[in-house]
There are 2 protein chains.
Amino acid sequence: MNSDDFKNDLDHFEQTCKNAGLKVTQQRMEIYRALLESSDHPSAETLYRRLRDRMPTLSLDTVYRTLATFEKHRLVHRLETKESQARFEALNVRHHHFLCDRCGSVFDFTWPAFDTVALPPTLGRIGTIERKNVVLHGRCTACLAAEDR
Amino acid sequence: MNSDDFKNDLDHFEQTCKNAGLKVTQQRMEIYRALLESSDHPSAETLYRRLRDRMPTLSLDTVYRTLATFEKHRLVHRLETKESQARFEALNVRHHHFLCDRCGSVFDFTWPAFDTVALPPTLGRIGTIERKNVVLHGRCTACLAAEDR
DNA sequence: CCCAGAATTAATAATTTTTACCAAAACAAC
DNA sequence: GTTGTTTTGGTAAAAATTATTAATTCTGGG
């Protein structure tokens, strides 16, 4: 992500907060920024540890509470994983997920061809679709390399 | 699922247990059967409640332990959801999931057209793929009907 | 610049989910 | 039958998440 995008995201964040009547506090800013800067879809705990350097007084409670607030206002997205700890990502470009079954890492990717495939007709009876996501499972390159030793 | 398929699944279950050196106990049988009979991807707690009628002495501990054992031997599959409680399904035909964002229900569907789409080339750098799954989000018909009132 | 209201903090605790422990009993498989 | 695995019951612990309360801090709007 280049610095312009970054600035835009932070602007969008401020705007969304204001629209929703949310105050733009230091903590909310930093938590959102940390999510933008992270590509590893951190959990609340991870974010907390990551931010304590910059913000020694930050409380874990605030991280959980803030993430829940963000989620409610669609600023962040809670990932679906099998792990016990929930993972989050800042909500920007549409993408899909690759999950490494060994180390649990999550990688993003885009797949334009997928978006054009017609959905199976049976879905009409199931419900209305608002989001389509692909989840791939496998081994990430790092784990593959580690296993070859 | 017709009763032949069902029998086949139970046979496959017994065979897999034996291959893995797992004893075919009453509890394991019933837990697996309950999963085969369920289309709602129940959690450990739900399975426990569901089975207590037939098996009053079953313990929750056993359900968790057994599901973990099954998962290790690839007899069941732990679903990825945002919910706190993990959900399980018996592992048979390949399918995708529709999640209702309102009531949390999970519906299965197949999508042959999806399976033929070429993956984006960028994935080569990420890792090797073992499973591809689509997760759709939306409102199930029941929730849509309820909202129209 | 000030004020009201919102948000955070600290410290603790409760809840929920999941897993673990033990000794005793049950039971599947050979 | 014997053996070794598994379940049970009861309890407990760990991990993840949410809540409480009062005091303090800070944002946003005037």
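Keep in mind that this is a model prediction, so the values were computed, not measured. Chain letters run A, B, ... following the sequence lines, proteins first, then strands; residues in each count from 1.
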**Prompt:** Of B/Ala68 and B/Gln26, whose closest DNA chain C nucleotide lies nearer the 5' terminus?
**Reply:**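 That would be B/Ala68.
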**Message:** By nearest heavy atom, map A/Thr57 and A/Arg28 onto DNA chain C; which one lands nearer the 5' end?
**Reply:**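 Looking at DNA chain C, the more 5' nearest nucleotide goes with A/Arg28.
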**Message:** Is it the case that the side chain of B/Arg87 and the backbone of B/His41 share a donor-acceptor pair, with hydrogens and angles ignored and the cut-off at 3.5 Å?
**Reply:**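 Side chain of B/Arg87 to backbone of B/His41: a pair is present.
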**Request:** Check for a donor-acceptor pair, side chain of A/Arg102 on one end and backbone N or O of A/Arg139 on the other, with a separation under 3.5 Å.
**Result:**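 Absent.
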Classify the side-chain pair [X]/[Y] by whether it contains a donor and acceptor separated by less than 3.5 Å.
{"X": "A/Glu80", "Y": "B/His97", "value": "no"}
{"X": "B/His77", "Y": "B/Arg131", "value": "yes"}
{"X": "A/Asn19", "Y": "A/His73", "value": "no"}
{"X": "A/Thr16", "Y": "A/His12", "value": "yes"}

[X] [atom1] to [N] [atom2], straight-line distance once rounded to whole Å:
{"X": "B/Glu71", "N": "C/dT18", "atom1": "CD", "atom2": "C1'", "answer": "13 Å"}
{"X": "B/Arg87", "N": "C/dT18", "atom1": "CZ", "atom2": "P", "answer": "12 Å"}
{"X": "B/Leu47", "N": "C/dT18", "atom1": "CG", "atom2": "P", "answer": "12 Å"}
{"X": "A/Leu58", "N": "C/dA10", "atom1": "CG", "atom2": "C1'", "answer": "12 Å"}
{"X": "A/Tyr64", "N": "C/dT12", "atom1": "OH", "atom2": "P", "answer": "19 Å"}
{"X": "B/Asn19", "N": "C/dA29", "atom1": "CG", "atom2": "C1'", "answer": "15 Å"}
{"X": "B/Gln85", "N": "C/dT19", "atom1": "CD", "atom2": "P", "answer": "12 Å"}
{"X": "B/Tyr48", "N": "C/dT17", "atom1": "OH", "atom2": "P", "answer": "15 Å"}

**Prompt:** What are the bounds, 5' to 3', of the part of DNA chain D that sits under 4.0 Å from heavy atoms of chain A?
**Reply:**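 With heavy atoms of chain A under 4.0 Å away, the range is D/dA16 to D/dG28.
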Report all interatomic pairs (protein N or O, nucleotide N or O of nucleotides 2-5 of chain C) with separations under 3.5 Å.
| unit_1 | atom_1 | unit_2 | atom_2 | d |
| --- | --- | --- | --- | --- |
| C/dG5 | N2 | A/Lys23 | NZ | 3.0 |
| C/dG5 | N3 | A/Lys23 | NZ | 3.4 |

Would you say a side-chain N or O of [X] is under 4.0 Å from OP1 or OP2 of [N]?
{"X": "A/Thr62", "N": "C/dT9", "answer": "yes"}
{"X": "A/Thr66", "N": "C/dT8", "answer": "yes"}
{"X": "A/Ser84", "N": "C/dT18", "answer": "no"}
{"X": "B/Arg65", "N": "C/dA20", "answer": "no"}
{"X": "A/Ser59", "N": "C/dT8", "answer": "no"}

**Request:** Kindly confirm or rule out a cation-pi arrangement of A/Arg28 over A/Tyr32, judged by NZ or CZ under 6.0 Å from the six-membered ring centre and within 45° of its axis?
**Result:**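 Pair A/Arg28/A/Tyr32 does not count as cation-pi.
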**Message:** Under 4.0 Å, counting only non-hydrogen atoms across every strand here, what does B/Ala86 touch: a base, just sugar-phosphate, or nothing?
**Reply:**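 Sugar-phosphate contact only - B/Ala86 comes under 4.0 Å of backbone atoms but never of a base.
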**Message:** Taking atom types as they are modelled, would you say the side chain of B/Asp61 forms a donor-acceptor pair with the base of C/dA20 within the 3.5 Å cutoff?
**Reply:**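 Under the 3.5 Å cut-off, the side chain and the base do form a donor-acceptor pair.
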**Cationic N near anionic O, under 4.0 Å, B/Arg74 to B/Glu130** =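 Salt bridge: no.
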**Prompt:** Which residue lies toward the 5' end of DNA chain D, B/Pro56 or B/Gly21, if each is placed at its nearest nucleotide?
**Reply:**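 In this pair, the answer is B/Gly21.
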**Prompt:** Are the aromatic ring centres of B/Phe70 and B/Phe13 under 6.0 angstrom apart?
**Reply:**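 So the answer is yes for these two rings.
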**Message:** Are A/Leu99 and A/Phe88 connected into the same hydrophobic cluster when the rule is that any two of I, L, V, M, F, W, Y join if their side-chain heavy atoms are below 4.5 Å apart?
**Reply:**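 No, because A/Phe88 and A/Leu99 fall into different hydrophobic clusters, even though each may have its own neighbours under 4.5 Å.
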